[in-house]
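The structure under discussion appears below in the form of C-alpha cells.
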Amino acid sequence: MNWQQRAYCGELDSAQVGQTVQLFGWVDAVRDHGHLLFIHLRDVSGIVQVVFHPEAPFYAQARQLRSEFVVSIVGEVKTRAADTVNPHLNTGTLEIEAKSLEILNQAQTPPFEVSEKGFSGEVLPFKVDEDTRLTYRYLDLRRPSMQRHLVERSALLKIVRDYLSEARFIEVETPVLTKSTPEGARDYLVPSRVHAGHFYALPQSPQLFKQLLMVGGLDRYFQIVKCFRDEDLRPNRQPEFTQVDLEASFIDETFIYSLLEGLIHRLFAHTGVTHLPATFPHITYDESMSKYGNDRPDLRFGWELVEVTDVFKDTSYKIFRMILETGGMIKGMNLKGQAAKLSKNILQEELAKGLIPKLGGKGMTWMKVENGQLDSNIVQFFSEAEKAALLSRMGAEEGDVLIFVADQDRALVHSILGQFRVIMAQRCEIIPENTFAPCWVVDFPLFENSAHGLGAVHHPFTQPQGDITGLDREALLTQKARAYDLVINGEEVGGGSIRIHSWTQQEQIFQALGYTQAQIEERFGFFVRALKYGTPPHGGLALGVDRLVGMLLGVASIREVIAFPKNRMAYCPLTESPSPVSSEQLNDLHIRVTEL
RNA sequence: GGGGGCGUAGUUCAGCUGGUUAGAACGCCUGCCUGUCACGCAGGAGGUCGAGGGUUCGAGUCCCUUCGCUCCCGCCA
C-alpha cells in the first residue's frame, strides 16, 4: 500500500495540476457515458471527480465500479475546462485523469444511500429511519455530514484540552467500576465474580473522585469522561453520555465563571460565532422561575412572565375570583405584535382548549389589542380599571396578544407559561437564528421537598451559602446553595458548585437529608474520612459535551454527534445489545435471572 | 409507569366511505450514450402491507392482541 505518497481527495488544489497523485477512497457516484466514464471519489477529506477514458487499459475494470467500492487510483491532476467546472465541489475546478485503477474491495448495495450529492447546492434532507441508520452505523458514518460532526467534535475537544492545560489543569482518569450510591439516578450495576453477591456501579459522574483528587492535592483536574444513568431516555438524553468534568482548589465562583466564559468563547469562535458577551449575565433561580417559568431561561427573546394577581384582586370575573379566593395566582405574557398571526379561533380552540390542557393547565384567558381596545370572548367581564391596569402592566400596544393563566398551584402556573413561552416563540418564529444567549443561573435552593423528606437540589456535596446549624425543615428549604448552571438558549449545558470541604458541615447536610450515622458510614464513609485530612476549599463544574457540540454544530439531536448512540429504548441496533448471556457467565457471577 | 402518533418495495412515501392484478420517486439490474456531476434515454426486477387473531362474500383499509419505532408527561442528586 503506497500510503507514503497518498493525497486526499478533498485537499487537492490547483497548485498540484500536472502532478501524479495516489488516491484511496470509496466510489461516491458513477456516471457512465458509454465511452467516457466519471466517478466521484470520496475519502474523509472530501470528494474529487475521476475521469476514465475508453482507451485506458483498465477501462473495462472501471465499468465494473459500483457505489461504495473501495479503490486505489493513481492519476494526473488536471484543470477542468471552464464550462465543465462544478461550483458545488471544493475540488470542482480540478479532476483526476486515471492512470491506474485497483479495486481494493467490492461492496454490496447499501441499505440506504451513502452519497449526499450535497455539493449540488443545498444539502438534501436525509430522511432514513434512525434505527436503520444505527443498524448500519458504519455506513451512516461514511456520509460526509456525519464525518463532519465527528471531525468537529474532535476539534472542539482538542480546544477544551488545550485550554484547560494552559490553565494548569491536569487530566486524570477515574474508575469506571466504582461504588453504587443511592443518590440521584438509577445506577448501571456490574456484578462482581470475585465478590459473590456484590456489585460495582458505573459512575453517574466522577463527583466523589474529583473531590478526592482535590484532597489529594492535584489542585486542578479535568477529564473528558463517560457518565452513566439508567433512566428513561429523551431526545437529548443517552444512557451513557460525555462530560467535560473539572474541579479546582482554592477558588470561588468567579474563577469558574471566567474560566468557562473563556472556554465557551473559544469553542464558539471555532465555529465562527463571535457575538457572545464578554461576561455572561447572571440570573438568580428565583428570578428565572418568575420571569421565564423554568431554571433554564432562553434569553434570545423577551416575552417575560408578568404577575397580574393584584390587578384582579376585586374582579367580578368568576373564574379569576374563585382562584384568587383560594390563594391562587394569575400570570400572563405579552405575545408582542402577534395579533395578526393568532386568530381568535387559534387562541381559543388550538391554544386555550388544546395546548394549555396538554401542558397541565385548566384554561387560558386571552385578549388582543386592536383599535386601542382589548378584544376577546370574555373582555366584557372586566372593569375599565382592570383593563387599563392590564394594558399598562403588560406594556401592551396595538397588535399585541395578551394571555393569562390562573391557578391555585403557583408552580403549575410557572411550568405552563414557561413551556408555552418557548413553544409559541418557535411557532411565531420570533427566535433569531444563529444567535446564542448564554447566562449563569445562580442562587439555587439547597434543598427541595422529596418523597422521603428533604432532597438535595444539586447534590449533597454542595456548599450552602450560609450556616445551616440548627435550622428546622422550613428554614432549610429557604437556604440557597453555592451552585450554578451554565445555560445557553434555554438548554442547560453545564452545572456545578462550590463543594463542602468541612466534614462537620458535610455531616450537617447528610443529617438534614435524613441519613443516619450508620447510613453515612456505609455510603460515604470513605469520603467523610477523606474530608478530615486537610481538604482544601474547592469547586467545579461539568459540561455536557454531547449537547454542547450538538448546539455548536446546529444538529437536530445529540445522536448526530455520537458515533455509536443507543436508541430511545437504550438499545443498540448495531450490536444488538443488551443481550442475554450464557448460564455459565451467570453462574460465574452468582446471578440467577428471575422469571420475566 | 401513564398518554398520543407511526409501521406498505432496499430507502422515502401515496393508497379516499372495505371492492379487479397494491402505486410513485429515488436506489438496484440490463442495454444505449465521449464532458457529466441529482447525467440522460429505453427496458426490467423487486412487496408474507410489522406479527397473530377476529368481523366480512371480500381487509393494506374496520376491531382486538402483540412487537418495534417515535413524541409528551413521570423520571433524570
Side-chain angles (χ1 to χ4, degrees), chain A residues 28-41 47-55 59 63 66-68 78 80-89 91-92 95 97 108-136 139 181-187 204-205 207-208 227-239 241 354-355 357-360 415 419 423 444 446-448 450-451 454-462 481 483 492 495-497 509 513 523 542 544 557 559 567-569 571 573:
Chain A
D28 188 76
V30 181
R31 289 180 297 279
D32 182 353
H33 284 240
H35 295 277
L36 259 193
L37 187 148
F38 301 93
I39 68 166
H40 274 171
L41 185 66
I47 286 177
V48 69
Q49 172 166 280
V50 180
V51 195
F52 295 91
H53 290 284
E55 308 79 49
Y59 180 74
R63 294 200 63 184
R66 294 293 179 271
S67 293
E68 301 313 313
K78 291 199 148 185
R80 295 202 201 183
D83 59 336
T84 64
V85 164
N86 183 345
H88 305 302
L89 215 52
T91 59
E95 65 187 4
E97 189 176 298
Q108 293 184 1
T109 302
F112 52 81
E113 262 190 285
V114 174
S115 172
E116 290 184 322
K117 314 200 180 208
F119 356 96
S120 68
E122 59 274 56
V123 175
L124 303 168
F126 180 73
K127 282 175 56 183
V128 175
D129 174 66
E130 197 167 40
D131 259 36
T132 307
R133 291 175 60 192
L134 293 182
T135 304
Y136 300 94
L139 293 177
T181 55
E183 288 290 325
R186 263 188 293 273
D187 284 320
Q204 296 178 27
S205 82
Q207 181 62 36
L208 292 177
C227 303
F228 305 86
R229 294 177 191 175
D230 187 5
E231 293 293 341
D232 289 346
L233 268 44
R234 278 297 155 78
N236 257 359
R237 209 192 287 163
Q238 283 275 299
F241 58 96
L355 178 60
K358 265 179 71 181
L359 300 178
S415 151
Q419 294 177 72
I423 292 169
F444 278 86
L446 188 60
F447 297 112
E448 63 193 347
S450 80
L454 288 184
V457 168
H458 188 54
H459 57 52
F461 316 107
T462 300
E492 183 197 331
S497 62
I509 296 288
L513 291 170
R523 296 172 185 176
S557 150
R559 274 169 261 119
N567 74 6
R568 181 65 196 276
M569 294 301 286
Y571 179 75

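Hydrogens, waters and symmetry mates play no part in the numbers below; they use all other heavy atoms, side chains included. Here is how names work: the chains are called A, B, and so on, in the same order as the sequence lines, proteins then strands, and each is numbered from 1.
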Using the test side-chain contact (heavy atoms from CB on, under 4.5 Å), find all partners of A/V85 that sit at least two apart in sequence or belong to another chain.
A/R80, A/T93

Test ring-ring contact (aromatic ring centres under 6.0 Å, His included) applied to A/F444 - qualifying residues, sequence neighbours left out:
A/Y285

Results of side chain to side chain donor-acceptor pair (under 3.5 Å) for A/E492 - residues two or more places apart only:
none

Applying ring-ring contact (aromatic ring centres under 6.0 Å, His included), name anything that partners A/H33, two or more places apart in sequence or on another chain.
A/F38

How would you summarise protein contacts on nucleotides 43-48 of chain B per nucleotide, using B for base, S for sugar-phosphate only and - for none, with heavy-atom distances below 4.0 Å?
------

Would A/H33 count as stacked on B/C39 if the rule is ring centres under 5.5 Å and plane angle under 30°?
yes

By salt bridge (charged side-chain N to carboxylate O under 4.0 Å, His left out), A/E448 pairs with (sequence neighbours left out) none

Report the base-pairing partner of B/C33 (Watson-Crick or G-U wobble, both distances below 3.5 angstrom), or none.
none

Under 3.5 Å, N/O pairs linking protein and nucleotides 2-10 of chain B:
{"unit_1": "B/G10", "atom_1": "O2'", "unit_2": "A/P111", "atom_2": "O", "d": "2.6"}

Side chain to side chain donor-acceptor pair (under 3.5 Å) with A/N236: which residues, sequence neighbours excluded?
A/E491

Hey, what are the protein-to-nucleotides 29-32 of chain B N/O distances that come in under 3.5 Å?
{"unit_1": "B/C29", "atom_1": "OP1", "unit_2": "A/R66", "atom_2": "NE", "d": "2.9"}
{"unit_1": "B/U30", "atom_1": "OP2", "unit_2": "A/R66", "atom_2": "NH2", "d": "3.3"}

Check nucleotides 67-69 of chain B for protein N or O atoms closer than 3.5 Å to its own N or O atoms and list the pairs.
{"unit_1": "B/C69", "atom_1": "OP1", "unit_2": "A/N567", "atom_2": "ND2", "d": "3.0"}

Taking ring-ring contact (aromatic ring centres under 6.0 Å, His included) as the definition, give me every residue that meets it alongside A/Y136, ordered by chain and number, with sequence neighbours left out.
none

Excluding sequence neighbours, so at least two apart, what forms side chain to side chain donor-acceptor pair (under 3.5 Å) with A/R63?
A/D32

